[in-house]
Q: 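Following this message is one structure expressed as structure tokens.
Reminder, nothing fancy here: chain letters follow the sequence lines and each chain counts from 1. Heavy atoms only: backbone and side chains are in, while hydrogens, waters and symmetry mates are out.
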Amino acid sequence: MPVARPETSDSRIIAHVDMDCFYVQVEQRKQPHLKGQPTAVVQYNSWKGGGLIAVGYEARKDGVKRSMRGDEAKKVCPQIHLVQVPVARGKADLTIYRNAGSEVVSILARKGRCERASIDEVYLDLTDAAETMLKETPLETLESIDEEVLKSHVLGLSLNGNDDRETVREWLTRRDADHRDKLLACGAIIVAELRLQVLRETEFTCSAGVAHNKMLAKLASGMNKPAQQTIVTLASVKGLLEPLPIKKMKQLGGKLGSSLQTDLGVNTVGDLLQFSEQKLQDIYGANTGTWLWNTARGISGDEVEGRLLPKSHGSGKTFPGVQALKSVAAVEKWLKELCEELSERLQLDLETNKRVAHTLTLHANAYKSTDTDSLKKFPSKSCPLRYGAGKVLEDSVNLFQAALREFLGSYTNPVDGGWGVTNLSVSASKIVAAPSGTCSITRYFHGQDRFHASSEQSDKKFAPESDNLSPSRTESHSASHQTDCGEGQTQITPDTSSLDQYETACKDEAIESCLTSTHHEPQLRLSEKERNNNDGKRSYEQKRKATQEKVSSFCWDF
DNA sequence: CTTGGCGTCGTAC
DNA sequence: TGTACGACG
């Protein structure tokens with residue numbers, strides 16, 4: 001649920017950069033003959049030609065939609081090239097897309113605080129860069145402005161949204177422009193430059209939005225695609241939001257947005273303006289209420305986090321219908337695949353970014369064939385994470401068995417049978433900077449994985465050869481640079497380090513014990529009573545009912 | 001196997 | 001802290 005944050009008083013310059021049909025671009029770079037061709041990426045699935053997870057713009061022209069199956073896409077667009085997501089260990093493997101995303105991030109991080117929002121989206125705080133630029137070069141003196149900047153869409157600039165280059169040039173260089181507009185203009189120049197740099201270094205195009213906060217920047221980046229940028233001026237905010245369907249706003253595409261529509265009759269963001277902050281708080285709680293009130297006005301204090309790397313790693317797979325896993329042995333087989341992928345990624349993160357993960361979590365979905373409503377909740381379980389594929393597997397299997405016992409309850413006790421797992425995933429979280437000295441551990445595990453991966457005798461003794469290879473670092477600051485390392489992996493290395501932050505973030509002792517831990521049982525709270533699932537959880541519908549009087553009396557006011 | 005599957009991130013208790 | 005679940009793409 002969204003949380004209200006006070007708006008920062010100063011006017012920031014925030015950009016949202018969104019890669020255009022990213023997976024398709026990655027495949028087109030890999031296979032250049034696909035460039036310019038109608039292309040879509042499908043997830044491995046022999047059923048009806050697989051599900052589309054990315055559609056190129058040539059194919060979109062023919063009406064191909066993300067919601068289609070491969071077969072449908074072929075019908076609408078017979079010439080379409082359907083590229084399969086790589087498969088490794090019997091499952092879809094997104095590694096190449098993640099690595100491509102890292103390439104992009106490392107370029108975008110050059111000009112300001114950068115937040116990796118997803119595999120193909122990035123937020124940038126360009127406030128400092130824009131202010132510096134404005135101080136050094138008054139815009140009205142600009143002689144040549146890059147074509148990419150002149151192609152910007154400036155919201156509210158022209159009546160028909162038909163901003164030609166000369167109009168944009170005029171807007172960019174207006175002497176008497178609002179100071180905030182001038183900063184936006186600087187932001188647009190910087191972003192255009194960054195987008196060109198991304199194109200030069202990666203061959204990928206992207207679109208961008210430039211605004212005073214994340215919410216508006218995100219909205220803008222999607223308005224003109226592909227390979228274009230959109231600027232949200234202060235003056236345009238009201239007119240932009242007023243007619244906008246509520247579902248178009250980030251965070252309002254789900255149940256909260258639906259509740260707004262069905263319960264309050266709010267169809268556009270403008271409709272929300274009718275409700276007082278107090279009323280929205282009464283209905284949705286203090287945080288969400290304030291957040292909604294601000295959102296309707298284009299206000300968002302959300303900061304751009306300086307974070308270039310993911311906060312967790314996961315590997316999972318679904319087993320729909322008849323493919324459901326019906327024995328512990330089958331589950332173990334797939335857990336092995338998932339744990340090996342996860343372990344490989346953890347190892348790479350350790351070597352490349354000097355980070356260690358602390359928590360291992362197992363998620364699953366399952367049905368009980370006795371229960372008529374087949375899909376009951378399968379509990380997720382976590383434990384401390386121990387490095388090495390074999391240990392991750394061992395712990396995952398234990399987590400699964402603990403969860404399975406809980407899931408089945410007293411229901412008979414067949415070891416196998418009577419149940420089926422339809423989804424299985426393992427993930428690693430609580431990732432922090434590794435202590436210096438972990439490099440030796442890195443090498444230790446590297447050797448282990450390479451040369452005797454199957455041997456799971458965890459002799460905790462390894463030579464603690466003191467190496468001062470790398471100071472620990474955090475990624476909390478702005479600039480970073482990238483180096484290619486080894487196996488096609490992209491490293492993102494921060495320029496600045498903050499030992500203070502690291503030292504408070506983790507204790508050497510804790511990390512060492514995590515890495516070398518020899519206990520073979522994950523720490524489970526097995527005996528703990530299962531809590532009542534419905535406690536403290538009220539749907540929007542329930543909340544609405546609880547406050548029905550307030551709502552209706554409010555509605556009468558209007 | 002209803003817009004899938006496979007991730008990620010976030011909040012609440 | 002672990003766990004559940006929503007949102008997004």
Q: More 5' along DNA chain B: Lys311(A) or Val322(A), using each one's nearest nucleotide?
A: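 Looking at the nearest nucleotide for each, Val322(A) comes out on the 5' side.
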Q: Starting at atom NE2 of His363(A), determine the distance to atom P of dG7(B), rounded to an integer number of angstrom.
A: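 Result: 12 Å.
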Q: Please measure how far the P atom in dG4(B) lies from the corresponding atom in dG6(C), and state the result in whole Å.
A: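 Their P atoms lie roughly 15 Å apart.
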Q: What is the nucleic acid contact for Lys65(A), judged by heavy atoms within less than 4.0 Å: base, sugar-phosphate only, or nothing?
A: nothing
Q: Taking only the side-chain heavy atoms of Ser382(A) (C-beta and beyond), determine which of dC1(B), dG2(C), dG7(B) contains the nearest atom.
A: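 For the Ser382(A) side chain, the nearest candidate turns out to be dG2(C).
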Q: From the set dG9(C), dG5(B), dA7(C), return the single nucleotide nearest to any side-chain atom of Gln43(A).
A: dG5(B)
Q: What is the distance from CZ of Arg69(A) to C1' of dC1(B), rounded to the nearest Å?
A: 7 Å
Q: Taking OP1 and OP2 of dC6(B), is either one under 4.0 Å from a side-chain nitrogen or oxygen of Lys91(A)?
A: no
Q: Between C1' on dC1(B) and OH on Tyr367(A), what's the gap in Å once rounded to a whole number?
A: 13 Å
Q: Could you give the CD-to-C1' distance, from Gln323(A) to dC6(B), as a whole number of Å?
A: 15 Å
Q: Once you apply a heavy-atom cut-off of 4.0 Å, does Ser315(A) come out as touching a base, just sugar-phosphate, or nothing?
A: sugar-phosphate
Q: Rounding to a whole Å, what distance do you find between Glu121(A):CD and dC8(C):C1'?
A: 8 Å
Q: On DNA chain B, nearest-nucleotide positions of Asp93(A) versus Asn287(A): which is more 5'?
A: Asp93(A)
Q: Under 6.0 Å from the six-membered ring centre of Phe400(A) and within 45° of its axis: does the NZ or CZ of Lys381(A) meet both?
A: no
Q: Separation of Leu399(A) atom CG from dT1(C) atom C1', in whole Å?
A: 15 Å
Q: Name the closest nucleotide to the Lys430(A) side chain, picking from dG2(C), dT8(B), dC8(C).
A: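 Comparing dG2(C), dT8(B), dC8(C) against the side chain of Lys430(A), the answer is dG2(C).
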Q: At less than 4.0 Å, is any side-chain N or O atom of Lys218(A) found next to OP1 or OP2 of dC8(C)? Yes or no.
A: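 So the side chain of Lys218(A) is outside the cut-off, no N or O lying under 4.0 Å from OP1 or OP2 of dC8(C).
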Q: Which part of the nucleic acid, if any, lies within reach of Leu338(A) when heavy atoms closer than 4.0 Å are counted: base, sugar-phosphate only, or nothing?
A: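 Nothing, no nucleic acid heavy atom in range.
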Q: Check whether any side-chain nitrogen or oxygen of Ser380(A) sits under 4.0 Å from OP1 or OP2 of dG2(C), and answer yes or no.
A: no
Q: Would you say a side-chain N or O of Ser312(A) is under 4.0 Å from OP1 or OP2 of dC9(B)?
A: yes
Q: Does dC5(C) have OP1 or OP2 sitting under 4.0 Å from an N or O in the side chain of Lys255(A)?
A: no
Q: Answer with yes or no whether the side chains of Gln281(A) and Thr290(A) bring together a donor and an acceptor at under 3.5 Å.
A: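 Checked: Thr290(A)/Gln281(A) side chains pair up, N/O donor to acceptor below 3.5 Å.
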Q: Out of Val104(A), Ile119(A), Val26(A), Val24(A), which residue meets the side chain to side chain contact (heavy atoms under 4.5 Å, CB included) rule with Met19(A)?
A: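 For Met19(A), the side chain to side chain contact (heavy atoms under 4.5 Å, CB included) test succeeds with only one of Val104(A), Ile119(A), Val26(A), Val24(A), which is Val104(A).
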Q: Check Glu340(A) with Lys336(A), please: is the shortest side-chain N to carboxylate O separation under 4.0 Å?
A: yes
Q: Can you check whether Arg345(A) has a side-chain N or O nearer than 4.0 Å to OP1 or OP2 of dT8(B)?
A: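 Checking Arg345(A) against dT8(B): at least one side-chain N or O falls below 4.0 Å of OP1 or OP2.
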Q: Between dC6(B) and Thr318(A), is there an OP1 or OP2 to side-chain N/O distance shorter than 4.0 Å?
A: yes
Q: So, is Arg98(A) close to the dC6(B) phosphate, meaning a side-chain N or O under 4.0 Å from OP1 or OP2?
A: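 Checking Arg98(A) against dC6(B): no side-chain N or O falls below 4.0 Å of OP1 or OP2.
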Q: Select one nucleotide: of dG4(B), dC9(B), dG7(B), the one nearest the side-chain heavy atoms of Glu341(A).
A: dG7(B)
Q: Just the rounded figure in Å: distance from P of dC1(B) to CG of Leu325(A).
A: 14 Å
Q: Would you call Arg116(A) and Pro310(A) a side-chain contact if the rule is heavy atoms closer than 4.5 Å?
A: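 Side chain of Arg116(A) against side chain of Pro310(A), heavy atoms only: contact under 4.5 Å found.
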Q: From dG2(C), dG5(B), dC1(B), pick the nucleotide closest to the side chain of Ile53(A)?
A: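 When the side chain of Ile53(A) is considered, dG5(B) is the closest of dG2(C), dG5(B), dC1(B).
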Q: Looking at Glu394(A) and Lys391(A), is any side-chain nitrogen of the basic one under 4.0 Å from a carboxylate oxygen of the acidic one?
A: no
Q: Side chain of Ala92(A) only, heavy atoms from C-beta on: which candidate in dC6(B), dC1(B), dG9(C) is closest?
A: dC6(B)
Q: I'd like the C1' distance from dC6(B) over to dC1(B), given in whole Å.
A: 16 Å
Q: Closest to the Pro310(A) side chain: dC5(C), dC9(B), dG9(C)?
A: dC9(B)
Q: Nearest whole Å is fine: how far is dT1(C) C1' from Leu360(A) CG?
A: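 Rounding to the nearest Å, CG of Leu360(A) and C1' of dT1(C) are 15 Å apart.
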Q: Do the charged groups of Glu337(A) and Lys91(A) touch, with an N to O distance under 4.0 Å?
A: no
Q: Taking the minimum atom-to-atom distance to the side chain of Lys377(A), which one of dC1(B), dC6(B), dC5(C) wins?
A: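 Among the listed nucleotides, the one closest to the side chain of Lys377(A) is dC5(C).
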